[in-house]
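Working notes, beginning with the structure itself.
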Amino acid sequence: QVQLVESGGGLVQAGGSLSLSCAARGSIRNINFLAWYRQAPTKQRELVAQISSDGTVAYADSAKGRFTISRDNAKNTVYLQMNSLNPEDTAVYYCNANILRLGDPKAYWYWGQGTQVTVSS
């Protein structure tokens, strides 16, 4: 089995920063693709940032210039550094990963349990 374990959420004032992390645990052969999504109350889940196995990154317009996604392949971990936070960033943030497990012929998509980020005005 594979689990994505997120940490780092919390409450922060507008203009502040938070750093999220997501560690993949289990019998992992390779992690192809990693991403962060978020879902605010009454809204659909949306992509925030993504990073491929070769380090190519992409961001939602709302995250550009403020958020930075990175990965540590040795630790099977993806990070999201969030700066200049505003109340519109309040949401549950989810880690998403495409993982090839040891012994499996194909990779599958996995989700973390989510971590709450609340930005007060």
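All residue numbers refer to positions in the sequence shown, counting from 1.
Contact annotation: the side chain of Arg71 approaches that of Asn73 to within less than 4.5 Å [non-hydrogen atoms, C-beta and beyond]. Taking 4.5 Å as the limit, some side-chain heavy atom of Leu18 sits within range of a side-chain heavy atom of Leu85. Between Val78 and Ile51 the shortest side-chain heavy-atom distance falls below 4.5 Å. In this structure the side chain of Arg66 reaches within 4.5 angstrom of the side chain of Asn86, judged on heavy atoms.
In this structure Tyr110 satisfies the ring pair (Phe, Tyr, Trp, His ring centres under 6.0 Å) test with no other residue, sequence neighbours excluded.
Atom CD1 of Ile99 is separated from atom CZ of Arg25 by 12.5 Å, given to the nearest 0.5 angstrom. Taking CG from Leu80 and OG from Ser21, the interatomic distance works out to 10.5 Å, rounded to the nearest 0.5 Å. Between the OH atom in Tyr37 and the CG atom in Leu47 there is a gap of 4.5 Å [rounded to 0.5 Å]. Here the CD-OG distance, from Gln1 to Ser27, works out to 9.5 Å after rounding to the nearest 0.5 Å. The structure places CG of Asn76 at 4.5 Å from CD1 of Ile28, a figure rounded to the nearest 0.5 Å. Note that the OH atom of Tyr79 and the OG atom of Ser7 stand 9.0 Å from one another [nearest 0.5 Å].
In this structure, Arg45 is positioned above the aromatic face of Tyr94, its NZ or CZ under 6.0 Å from the six-membered ring centre and within 45° of the axis.
Val12 is connected to Met82 through a chain of hydrophobic side-chain contacts under 4.5 Å among Ile, Leu, Val, Met, Phe, Trp and Tyr, so both are in one cluster. One hydrophobic cluster holds both Trp111 and Val92 under the rule that ILVMFWY side chains link at heavy-atom gaps under 4.5 Å. If you chain together hydrophobic residues whose side chains sit under 4.5 Å apart, Val57 and Phe33 never meet in one group.
Side-chain atoms of Gln116 and Thr118 include a donor-acceptor pair closer than 3.5 Å. When only modelled atom types and interatomic distance are considered, Asn83 and Ser17 share a side-chain donor-acceptor pair under 3.5 Å.
The shortest heavy-atom contact between Gly9 and Leu20 is N-CD2, 3.5 Å. Across all non-hydrogen atoms, the minimal contact from Asn98 to Ala107 is OD1-CB, 3.3 Å. When all heavy atoms of Ala24 and Leu4 are compared, the pair lying nearest together is CB-CD2, 3.6 Å. Contact between Ala14 and Pro87 at its shortest, heavy atoms only, is CB-CD, 4.2 Å.
Side-chain atoms of Thr90 come within 3.5 Å of backbone atoms of Val119 as a donor-acceptor pair (strictly under, hydrogens ignored). With hydrogens and angles ignored, the 3.5 Å screen pairs no side-chain donor or acceptor of Arg101 with any backbone N or O of Tyr108. Side chain of Asp54 to backbone of Thr56: a donor-acceptor contact under 3.5 angstrom is found. For Glu6 (side chain) and Gly114 (main-chain N/O), a donor-acceptor pair under 3.5 Å exists by modelled atom type. At distances below 3.5 Å, at least one donor-acceptor pair connects side-chain atoms of Tyr59 with backbone N or O atoms of Ile69.
The distance between the ring centers of Trp36 and Phe67 does not fall below 6.0 angstrom.
A salt bridge links Arg38 to Asp89: at least one charged side-chain nitrogen sits closer than 4.0 Å to a carboxylate oxygen.
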